[in-house]
Colleague: 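Mind looking over this structure? Questions follow.
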Amino acid sequence: MHTLTVELAERSYPIHIAPGLLQRPELLRQHLASQSVAIVTNTTVAPLYLDVLCQSLAALAITPLVVVLPDGEAHKNWQTLNQIFDALLAAHCERRTTLIALGGGVVGDMGGFAAACYQRGMPFIQVPTTLLAQVDSSVGGKTAINHPLGKNMIGAFYQPSLVLADIATLRTLPDRELSAGLAEVIKYGLIRDLDFVDWLERHMPALCRRDEALLEEAVYRSCRHKAEIVAADEREQGERALLNLGHTFGHAIETGLGYGEWLHGEAVAAGTMMAAVLSARLGWLAAEDVRRIEALITAAGLPVRGPRLGAERYLELMRHDKKVQDGRLRLVLLAAVGRAVVSDAAPETEIRAAIEACCA
Ligand code: NAD
Ligand code: GLY
């Protein structure tokens, strides 16, 4: 088992990574504030993994409340969030009830936001079951729901007390979702780890074939980056913004098409290409670097072109980005493969041109 710690003083917490962790009640025990537990999951994950988690809790003499949400990004909203509050209140859950989010990033983001709000904060554990959630969304405490005008616009920073990434759950993940998770894995290499880019180029076919040892290594290396960045900049005052490579363009795709049309990871992949092409237009990347990034994204089974929303519509949607400061758009761009920067230097004409060049 790989174990990392997100170092946040008294709010530090472990990330455990290995196959079979759902069957390890001893890993949960010390992180439960009481015998009262609520599991938040969804209609797809519940039939796959709820029983095994409940069996582990039964070994600790715990019978959890179970809240099963509808599946999908389109349900990451107030109405669904309220279902969690309704269930917690109806079952008389207390401030010391521990909420366990069992599922992908949508369940994790909504479960985390519910935990941040319920009675002003209840203990929270992430059990991510998608690659994307294991490498990114379960770590770092960003929780949110979507608004029709913008992705993840309503939310809170709220750290879990434990992350259990059971690699065996990836066996049932659809291929398209596996690829979506690889978009966030590639991101860590591009923003800060050239050696990881080389590693991913070598192992991408085997990762796509779900070689479990390599997947575990990819989750571990990704979480190591995320844990370092979050420890240094929990509230995204600086370095953490680099984790948004491709996301300003990508969120425009997700909001512009309607939530759930493109997967988050797919939108991030096409957005990463837009950021790479823009970086080349500014003279920061060579054409060869852009081809290298395109080849890696393609090898992961991800799109390198965005939908034709029109550059103006992209820009309108991108102006809702959380990195906007004093009305100025700030983008994560690449100064080199393996080195990202946040910059407001790109003129809108260049941003438009990069978007147009990267639309199907
Ligand atoms: P998701 O939660 O929608 O999961 C993808 C699909 O896989 C869903 O249908 C889900 O039910 C299903 N699924 C989950 N686990 C499965 C398994 N083991 N086997 C079979 N099917 C399974 O999507 P996601 O890609 O995990 O997460 C995307 C969300 O995460 C977006 O809303 C995005 O905004 C958010 N996100 C948050 C952060 C953060 O820091 N909080 C970071 C990145 C992304
Ligand atoms: N996924 C971006 C972040 O956690 O900051």
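Not measured: the values here are computed from a predicted model. Whatever order the structure lists ligands and atoms in, that order sets their numbers, starting from 1. Quick note: numbers below take in every heavy atom, side chains included, and nothing from hydrogens, waters or symmetry partners.
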Colleague: Check whether the side chains of Lys322 and Asn244 place a donor and an acceptor atom closer than 3.5 Å, and report yes or no.
Modeller: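 Checked: Lys322/Asn244 side chains show no N/O donor-acceptor pair below 3.5 Å.
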Colleague: Please list, in number order, the atoms of ligand 1 under 4.0 Å from a heavy atom of Asp136.
Modeller: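 Heavy-atom distances to Asp136 below 4.0 Å select 42 (C), 43 (C).
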Colleague: Run the side-chain hydrogen bond (donor to acceptor under 3.5 Å, both in side chains) test against Glu217 and tell me which residues pass, sequence neighbours left out.
Modeller: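 Glu217: no side-chain hydrogen bond (donor to acceptor under 3.5 Å, both in side chains) contacts found.
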Colleague: Would you mind reporting whether Ile191 and Arg339 have side-chain heavy atoms less than 4.5 Å apart?
Modeller: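 The answer is no; the side chains never approach within 4.5 Å.
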Colleague: Side chains of Thr248 and Lys323: donor-acceptor distance under 3.5 Å anywhere?
Modeller: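 Short answer, yes.
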Colleague: So, do Leu190 and Phe196 sit near enough that their side-chain heavy atoms are less than 4.5 Å apart?
Modeller: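 Leu190 vs Phe196: side chains apart.
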Colleague: Could you tell me the residue and atom name of the protein heavy atom closest to atom 25 (O) of ligand 1, and the distance to it rounded to 0.1 Å?
Modeller: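 Of every protein heavy atom, Leu132 CB, 3.6 Å lies nearest to atom 25 (O) of ligand 1.
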Colleague: Among Asn42, Leu22, Val107, which residue satisfies the side chain to side chain contact (heavy atoms under 4.5 Å, CB included) criterion with Leu102?
Modeller: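 When side chain to side chain contact (heavy atoms under 4.5 Å, CB included) is applied between Leu102 and each of Asn42, Leu22, Val107, only Leu22 qualifies.
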Colleague: Would you mind running through ligand 1 and noting each atom that sits below 4.0 Å from a heavy atom of Lys151?
Modeller: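 Counting atoms of ligand 1 from 1, those under 4.0 Å from Lys151 are 31 (C), 32 (O), 33 (C), 34 (O).
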Colleague: Would you check whether Lys76 has a nitrogen or oxygen atom less than 3.5 angstrom from a nitrogen or oxygen atom of ligand 1?
Modeller: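 Yes; at least one N/O pair falls below 3.5 Å.
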Colleague: For Arg171, state whether at least one heavy atom is located under 4.0 Å from any atom of ligand 1.
Modeller: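 No.
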Colleague: For ligand 1, which atoms have a heavy atom of Asp71 less than 4.0 angstrom away?
Modeller: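 So the answer, numbered in order with elements, is 8 (C), 9 (O), 10 (C), 11 (O).
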Colleague: Distance alone, cut at 3.5 Å: any donor-acceptor contact between the side chains of His2 and Glu216?
Modeller: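 Yes, because at least one side-chain N or O of His2 sits under 3.5 Å from a partner of the opposite role on Glu216.
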Colleague: Below 6.0 angstrom between ring centroids: does that apply to His251 and His320?
Modeller: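 No.
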Colleague: Name all residues meeting the side chain to side chain contact (heavy atoms under 4.5 Å, CB included) criterion together with Val6; count only those two or more places apart in sequence or in a different chain, and write none if there are none.
Modeller: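 Leu8, Tyr13, Ile15, Val139, Ala227, Val230.
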Colleague: Any atoms of ligand 1 less than 4.0 Å from a non-hydrogen atom of Asn42? List them with their elements.
Modeller: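 Listed by number with element: 10 (C), 11 (O).
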Colleague: Does Glu254 come within less than 4.0 Å of ligand 1, judged by its heavy atoms?
Modeller: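 In this structure, Glu254 fails to qualify as a contact of ligand 1 - no heavy atom is under 4.0 Å.
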Colleague: With a heavy-atom distance limit of 4.0 Å, tell me whether Thr44 approaches ligand 1 through its side chain, its backbone, both, or neither.
Modeller: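 It is the side chain that touches ligand 1; the backbone stays farther off.
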Colleague: Between Thr98 and Met122, is any pair of side-chain heavy atoms under 4.5 Å apart?
Modeller: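 They are not in side-chain contact.
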Colleague: Show me, by chain and number, every protein residue that has a heavy-atom distance under 4.0 Å to ligand 2.
Modeller: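 Shell around ligand 2 (4.0 Å, heavy atoms): Asp136, Lys142, Lys226, Glu236, Arg240, Leu243.
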Colleague: Judged by modelled atom types alone, do Thr129 and Thr169 share a side-chain donor-acceptor pair under 3.5 Å?
Modeller: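 No, no side-chain donor-acceptor contact under 3.5 Å.
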Colleague: Would you mind listing which atoms of ligand 1 come within a distance below 4.0 Å of any non-hydrogen atom of Asn152?
Modeller: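 That gives atoms 34 (O) of ligand 1.
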Colleague: Taking both backbone and side-chain atoms of Glu184, is any N or O found less than 3.5 Å from an N or O belonging to ligand 1?
Modeller: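 No, since none of the N or O atoms of Glu184 sits under 3.5 Å from an N or O of ligand 1.
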Colleague: Among all protein heavy atoms, pick out the one at the shortest distance from atom 19 (N) of ligand 1; state its residue, atom name and that distance to 0.1 Å.
Modeller: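 Protein heavy atom with the smallest distance to atom 19 (N) of ligand 1: Thr172 OG1, 2.7 Å.
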Colleague: Between the side chains of Gln23 and Gln55, does any donor sit under 3.5 Å from an acceptor?
Modeller: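 Result is no, nothing qualifies.
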Colleague: Going by distance alone, is a donor N or O of one side chain under 3.5 Å from an acceptor N or O of the other, for Asn77 and Thr80?
Modeller: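 Thr80 and Asn77 do have a side-chain donor-acceptor pair below 3.5 Å.
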Colleague: The criterion is side chain to side chain contact (heavy atoms under 4.5 Å, CB included); which residues satisfy it with Leu48, sequence neighbours excluded?
Modeller: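 For Leu48, the residues satisfying side chain to side chain contact (heavy atoms under 4.5 Å, CB included) (neighbours in sequence not counted) are Thr172.
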Colleague: Is any N or O atom of Val106, backbone or side chain, closer than 3.5 Å to an N or O atom of ligand 1?
Modeller: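 Yes - when backbone and side-chain N and O of Val106 are compared with those of ligand 1, one distance drops under 3.5 Å.
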Colleague: Do ligand 1 and Gly105 have nitrogen or oxygen atoms that lie under 3.5 Å from each other?
Modeller: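 N/O-N/O distance below 3.5 Å exists for this pair.
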Colleague: Where on Thr143 is there a heavy atom closer than 4.0 Å to ligand 1, on the side chain, on the backbone, on both, or on neither?
Modeller: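 Neither part.
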Colleague: Given Ala133, Gly265, Ser137, Gly103, which one has a non-hydrogen atom that is nearest to atom 38 (C) of ligand 1?
Modeller: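 Answer by nearest heavy atom: Ser137.
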Colleague: Quick one: do His31 and Ser161 satisfy side-chain hydrogen bond (donor to acceptor under 3.5 Å, both in side chains)? Show the steps, please.
Modeller: CA-CA 7 Å; His31 297 281; Ser161 52; 4.6 Å; no
Colleague: Between Asp71 and Thr43, do the side chains contain an N or O donor and an N or O acceptor separated by less than 3.5 Å?
Modeller: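 No - no donor-acceptor pair under 3.5 Å links their side chains.
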Colleague: Please list the nearest protein heavy atom to atom 4 (O) of ligand 1 with its residue and the distance rounded to 0.1 Å.
Modeller: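 Among all protein heavy atoms, the one nearest atom 4 (O) of ligand 1 is Thr130 CG2, 3.6 Å.
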Colleague: Ignoring angles and geometry beyond distance, decide whether Thr129 reaches within less than 3.5 Å of ligand 1 through its nitrogen or oxygen atoms.
Modeller: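 Right, the criterion is met.
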Colleague: Taking atom CZ of Arg96 as the centre, report whether more than 12 heavy atoms of other residues, nucleotides or ligands fall under 6.0 Å from it.
Modeller: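 At most 12 heavy atoms, drawn from other residues, nucleotides or ligands, come within 6.0 Å of this atom.
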Colleague: Give me the residue, atom name and distance of the protein heavy atom closest to atom 22 (C) of ligand 1.
Modeller: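 Here the nearest protein heavy atom works out to Leu173 CD1, 3.7 Å.
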Colleague: What do we get for Glu177 next to ligand 1 when only non-hydrogen atoms under 4.0 Å count, side chain, backbone, both or neither?
Modeller: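 Side chain only.
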Colleague: By number and element, which atoms of ligand 1 are closer than 4.0 Å to a non-hydrogen atom of Val45?
Modeller: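 Those atoms are 11 (O), 13 (N), 14 (C), 15 (N).
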Colleague: Which ligand 1 atoms, with their elements, are less than 4.0 angstrom from a heavy-atom of Leu48?
Modeller: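 In order of number, 19 (N), 20 (C).
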Colleague: Could you tell me if any non-hydrogen atom of Lys226 lies under 4.0 Å from any atom of ligand 1?
Modeller: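 Yes, that is the case, since the closest heavy atom of the residue is under 4.0 Å from the ligand.
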